[in-house]
Novice: 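Have a look at this one before I ask anything.
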Amino acid sequence: MVKKIILTKQGYEKLKKEYETLKKLLRAKVKGEEVPLVFESDDVNVEFLAFKDDVEFLETRMAELETILNNAKILDSLPPAWKDRVQIGALVTLEEKDGKINEFMLVESLEADPDEGKISINSPLGKALLGKKVGEIVEISTPSFKIFYKIKKIRYHLS
Amino acid sequence: MEKTFSFLRAVERLKTMPKTGLVLMGVKDPETIADHIFFTMLNLWILTKEKKFFSGNLLKVALIHDLGEVYAGDQTPFFYWDGLDIKKKEERKILLQGVRLSLKERRKRAFLKFKKEKDSLLRLISFLPFSLKKEIFSLWLGFTKGKFSFVKQVDRLETLLQSIFYLGTDPQEAGTSWLEGTEEVVHDPFLVDFLAVIKKNFYKTKEEISPKKEKRLKGILDFLMRIKEERQRQYHIWKKRKEGEMVSWHIFMLSIFCFLFYHFKDIKKEKLIEMAMFSHLPYFLLGFFSEEENYFLKKFSFLEKDFFLENFKKEKKALEVLTTPLPFSIKKEIFRVWQEAILQKTRESLLFNQIHLLYHFYRFLIFKNEKKHFFKNERI
């Protein structure tokens with residue numbers, strides 16, 4: 001059985017939008033442009049190769065997106081086991097010893113955007129946070145230093 | 001063409017623009033943005049080969065990913081610290097500890113950074129023809145908006161290696177922000193393994209990784225750190241001379257030339273960028289030429305019958321030394337690219353060498369302009 005990919009509603013919409021744009025682009029490329037002839041001379045037609053490359057690139061990405069979208073599950077309800085635990089889609093508020101607040105949203109790798117605080121569940125920090133409850137301590141450590149985070153709050157923005 | 005020249009002159013600023021984070025941490029001779037771009041490309045190429053992952057246009061993305069910094073500068077995490085009069089001490093403290101922010105604040109800062117770099121990039125590419133403008137902007141946008149997440153992760157790993165090389169891993173000296181930041185960004189299973197090897201070797205953590213995989217990744221890590229060492233050695237020579245071009249900067253600019261001056265649709269630009277990287281890799285060991293040496297070498301080298309063969313042997317030996325730690329399959333691939341570029345038997349390599357000559361001519365024109373006295377009695 002294919003594993004379901006859990007996406008937030010925004011993430012799903014974003015990928016769907018990309019898929020639609022690519023679809024339009026591909027249609028415009030095949031219809032709008034004159035498809036270069038394969039055998040114009042004895043040599044390979046480079047224009048055709050470039051055209052083929054572009055089309056192939058679009059088709060590959062579209063196939064990839066199609067698989068994701070077909071197997072995606074939008075996070076619209078919270079399984080009971082997830083309550084109070086850090087899982088995909090959770091907005092986690094962490095507190096350090098000195099009271100500094102750090103916030104992250106846990107997402108699938110496809111949606112990850114660390115600049116915006118969306119970190120993947122497969123990243124080392126994501127793995128450390130996954131499954132933890134409110135009040136639990138998360139430790140990031142090396143032999144020379146230790147950082148402790150206390151999970152202060154877990155929220156889910158469901159669609 | 002005049003406008004393209006202005007673009008190139010602007011991009012050249014990255015050669016000597018140091019990485020802000022390292023400057024603030026008090027590193028005397030830090031890597032520059034051009035160095036960072038070169039190392040990101042090198043890391044990316046090697047890691048994609050090891051992963052047996054089709055890199056597509058990722059090498060191009062790595063090449064242009066920091067071009068937005070030409071006018072915007074290298075932005076550190078505290079860049080948008082509202083209402084806080086940042087003093088040197090505070091800057092250092094923030095860099096040591098890393099940034100702790102709410103999601104709202106993160107998004108706000110990400111947007112401001114994006115806007116500043118976008119404006120800078122648009123200003124830079126305004127010198128270029130439409131097709132190149134479009135290509136650079138769409139690749140950059142893809143990178144910043146997370147489309148090329150593999151490059152972003154490699155970029156982050158390269159920054160971590162940079163911090164380890166210059167600052168070490170002692171939290172009092174280096175802080176924890178570089179490692180923390182990397183642990184947030186890296187999520188590809190293969191790169192997570194590479195990060196584990198870095199942590200095991202430098203931070204002395206215990207990591208679970210198969211010995212076979214660890215051996216190969218450790219080889220890659222040793223190679224990358226060796227190139228960083230050689231770069232640093234060259235920098236000290238360059239600092240004394242204050243002229244000529246370091247190998248990493250040369251490769252960076254040559255790759256930009258390959259990107260700009262190549263319009264044949266049937267050959268990928270990546271192939272030429274690959275040649276730019278590996279045809280010059282031996283020079284990390286052999287050293288770089290000053291402009292004067294370069295000029296005379298090019299002028300008279302064709303008179304020497306054995307010059308090519310001698311140089312070929314020298315480069316091959318240097319490449320063998322440098323690539324010793326690498327896994328055999330990657331070493332073989334590097335030699336293949338190097339040999340192709342040097343022997344000039346394929347269409348791609350012939351074209352690459354023409355672009356290379358064009359770049360030398362560009363350097364020469366700049367040098368001629370800067371040192372008019374040197375050419376007073378020379379017929380060019």
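Reminder, nothing fancy here: chain letters follow the sequence lines and each chain counts from 1.
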Novice: Heavy-atom distances under 4.5 Å only: say whether B:Ser149 touches chain A with side chain, backbone, both or neither.
Specialist: neither
Novice: Determine the interplanar angle of the B:Phe114 and B:Trp140 rings, folded into 0 to 90°, and report it as parallel if under 30°, tilted if 30 to 60°, perpendicular if over 60°.
Specialist: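 Parallel: the ring planes of B:Phe114 and B:Trp140 meet at under 30°.
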Novice: Which region of B:Lys152, side chain (C-beta onward) or backbone (N, CA, C, O), has a non-hydrogen atom less than 4.5 Å from a non-hydrogen atom of chain A, or is it both or neither?
Specialist: side chain
Novice: Would you say the side-chain atoms of A:Ser123 pair up with the backbone N or O of A:Ile119, donor to acceptor, closer than 3.5 Å?
Specialist: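 Such a contact is absent between A:Ser123 side chain and A:Ile119 backbone.
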Novice: So which of B:Thr205, B:Leu103, B:Val192 has the largest heavy-atom pair count under 4.5 angstrom toward chain A?
Specialist: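 So the answer, after comparing B:Thr205, B:Leu103, B:Val192, is B:Leu103.
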Novice: Quick one: do the B:Thr346 and B:Ser349 side chains pair a donor with an acceptor below 3.5 Å?
Specialist: yes
Novice: Does either side chain, that of A:Glu95 or that of A:Tyr149, offer a donor lying less than 3.5 Å from an acceptor on the other one?
Specialist: no
Novice: Among residues at least two apart in sequence or on other chains, which ones pass side-chain hydrogen bond (donor to acceptor under 3.5 Å, both in side chains) with A:Glu108?
Specialist: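 Scan of A:Glu108 (side-chain hydrogen bond (donor to acceptor under 3.5 Å, both in side chains), adjacent residues dropped) gives none.
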Novice: Between the side chains of B:Glu135 and B:Ser131, does any donor sit under 3.5 Å from an acceptor?
Specialist: no
Novice: So which of A:Asp113, A:Leu110, A:Ile101 has the largest heavy-atom pair count under 4.5 angstrom toward chain B?
Specialist: A:Ile101
Novice: Which region of A:Glu111, side chain (C-beta onward) or backbone (N, CA, C, O), has a non-hydrogen atom less than 4.5 Å from a non-hydrogen atom of chain B, or is it both or neither?
Specialist: neither
Novice: Need one label for A:Lys14: side chain, backbone, both or neither, based on atoms under 4.5 Å from any heavy atom in chain B.
Specialist: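 Side chain only.
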Novice: Between B:Arg156, B:Lys104, B:Glu183, who has the most heavy-atom pairs with chain A when the cutoff is under 4.5 Å?
Specialist: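 So the answer, after comparing B:Arg156, B:Lys104, B:Glu183, is B:Glu183.
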Novice: Checking B:Leu195 against chain A: side chain, backbone, both or neither under 4.5 Å from a heavy atom?
Specialist: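 It is the side chain, since no backbone atom gets that close.
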